[in-house]
Amino acid sequence: MNETILDYLIKGLVLFTAVPVHECAHAWAAEKMGDDTGRKQGRITLNPFAHLTLWGSLMMVLVGFGWGKPVNVDPRNFKNSKKGMVLTSLAGPASNFIMAFLAMIVYKVLAFLCGFDDSTTMGMIAWVFLYIMLINVSLGVFNFLPIPPLDGSKIFNAVLPEKWYFTIMKYEHIIFIVLIVLLYSGLLDNPLSFLQGKVIDLMDILTLWVDYIMAAVTAGAAV
């Protein structure tokens, strides 16, 4: 299969899994913190069509960064409004990191079983999980950035005076347009690649146990 077509297919697969899980995590965390707005609007679901937007989906397919339909949250329903907003916002990127962690485990298992030969069927499936891991790390890191309106910017709500926070958020649409321009220009490539590399290194360390187990299994099978 043409590599470009395969690339788009995998991005589409991630779009229909990572983005719904990300947005569902927001709604689920909000409900746990006391706000059931997301549930009332049908957002605690893994149905991708409840979460996808046209432009966010196109961005995901074209450049590997995308977004879903924002989950509506009413902070007045939270038991602790600042804590509720921060945890609800960070639940999205956290879900991407969890998915990346699980994808790396599957990748390592399949890669060991096929002898790291990506020309085999199992090797190609392993490569797909590797790609899923990479895109989920990219999504998690991107959304974790403390730049409005990304999820990481909600940390400001906990550490800044409300006057400053709402002054910054008043310009979030302009800031977001600037962010998109920076992404397209490639000016964010190096810092994002650096952060993604650090997260992948951490994932690799946290899944070293898979390496040891699979090395023992394949060595035993070879005897």
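Along the sequence shown, residues are numbered consecutively beginning with 1.
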Q) How far apart are the closest heavy atoms of Leu15 and Ser57, and which atoms are they? A) CD2-CB, 3.7 Å

Q) What is the minimum heavy-atom distance between Cys114 and Gly123, and which atoms define it? A) SG-CA, 3.6 Å

**Q.** Distance, nearest 0.5 Å, that separates CG of Leu134 from OH of Tyr131
**A.** 8.0 Å

Q: Quick one: pull up CE in Met85 and CG in Asp35 and give me the separation to the nearest 0.5 Å.
A: 9.5 Å

Q. When rounded to the nearest 0.5 angstrom, what is the spacing between CG in Leu110 and CZ in Phe116?
A. 10.5 Å

Q.
Do Asn47 and Thr45 pair up side chain to side chain, a donor and an acceptor below 3.5 Å, judged on atom types alone?
A. no

**Q.** Non-hydrogen side-chain atoms of Trp28 and Lys32 separated by less than 4.5 Å
**A.** yes

Q) Would you say Leu192 and Leu183 make side-chain contact, with heavy atoms under 4.5 Å? A) yes

(Q) Any non-hydrogen side-chain atom of Lys108 less than 4.5 Å from a side-chain atom of Asp204? (A) yes

Q. Is there side-chain contact between Met203 and Val199, with heavy atoms separated by less than 4.5 Å?
A. yes

(Q) Please determine whether side-chain contact (heavy atoms from CB on, under 4.5 Å) holds for the pair Ser153 and Ile147, giving the CA-CA distance in whole Å, both sets of side-chain angles, and the decisive distance to 0.1 Å. (A) CA-CA 5 Å; Ser153 67; Ile147 302 173; 5.7 Å; no

Q.
If hydrophobic clusters are built from ILVMFWY residues whose side chains come within less than 4.5 Å, do Leu208 and Leu113 share one?
A. no

Q: Verify, without hydrogens or angle tests, whether His51 (side chain) and Glu23 (backbone) share a donor-acceptor contact under 3.5 angstrom.
A: no

Q) Judged by atom type as modelled, is there a donor-acceptor pair below 3.5 Å linking the side chain of Ser193 to the main-chain atoms of Asn190? A) no

Q.
So, taking the atom named CE in Met99 and the one named CD1 in Ile132, what distance separates them when rounded to the nearest 0.5 Å?
A. 7.5 Å

Q | ILVMFWY network linking Ile98 to Leu87, side-chain heavy atoms under 4.5 angstrom | A | no

Q.
Looking at His22 and Gly92, would you say the former's side chain and the latter's main chain have a donor-acceptor pair under 3.5 Å?
A. yes

Q. Do Val210 and Ile213 come within less than 4.5 Å of each other through their side chains, counting heavy atoms only?
A. no

(Q) For a quick test of reading the model, state the closest non-hydrogen atom pair linking Gly152 to Leu90 and the distance between them. (A) CA-CD2, 4.4 Å

Q) Do Leu195 and Leu145 touch side chain to side chain, with heavy atoms closer than 4.5 Å? A) yes

**Q.** Evaluation steps, side-chain contact (heavy atoms from CB on, under 4.5 Å), between Phe49 and Phe16
**A.** CA-CA 9 Å; Phe49 297 105; Phe16 279 86; 3.9 Å; yes

Q | Atom of Phe129, atom of Ala103 and distance for their closest heavy-atom approach | A | O-CB, 3.6 Å

Q) Are Val178 and Phe142 joined in one hydrophobic group, where the rule is that I, L, V, M, F, W and Y side chains link up if heavy atoms are under 4.5 Å apart? A) yes

Q. How long is the gap from CG on Asp201 to NZ on Lys198, to the nearest 0.5 Å?
A. 6.0 Å

Q. Is Ile105 linked to Tyr212 within one hydrophobic cluster, defined over Ile, Leu, Val, Met, Phe, Trp and Tyr using a side-chain heavy-atom separation of less than 4.5 Å?
A. no

**Q.** Step-by-step side-chain contact (heavy atoms from CB on, under 4.5 Å) determination, Asp118 to Met124
**A.** CA-CA 5 Å; Asp118 60 8; Met124 292 181 64; 5.7 Å; no

Q) Are any of the side-chain heavy atoms of Met133 and Ile200 separated by less than 4.5 Å? A) yes

Q. Taking atom OG1 of Thr207 and atom CG of Leu202, what is their separation to the nearest 0.5 Å?
A. 9.5 Å

Q. With hydrophobic residues grouped by side-chain heavy-atom distances under 4.5 Å, do Ile205 and Met214 end up in a single group?
A. no

(Q) Using modelled atom types and a 3.5 Å cut-off, is there a donor and acceptor pairing between side-chain atoms of Asn143 and backbone atoms of Leu139? (A) yes

Q: Walk me through it: do Thr37 and Val73 pass the test side-chain contact (heavy atoms from CB on, under 4.5 Å)?
A: CA-CA 6 Å; Thr37 303; Val73 174; over 6 Å; no

Q) Do you know which two heavy atoms are closest between Ala29 and Ala91, and how far apart they sit? A) CB-CB, 3.6 Å

Q.
With a 4.5 Å cut-off on side-chain heavy atoms, are Asn96 and Val141 touching?
A. no

Q.
On a heavy-atom basis, which atom in Ala50 and which in Gly42 lie closest, and how many Å separate them?
A. CB-O, 4.0 Å

(Q) Main chain of Lys83, side chain of Asn80: is a donor-acceptor contact present, judged purely on distance under 3.5 Å? (A) yes

Q. Does Arg43 use its side chain to pair, donor to acceptor, with the backbone of Pro70 at less than 3.5 Å?
A. yes

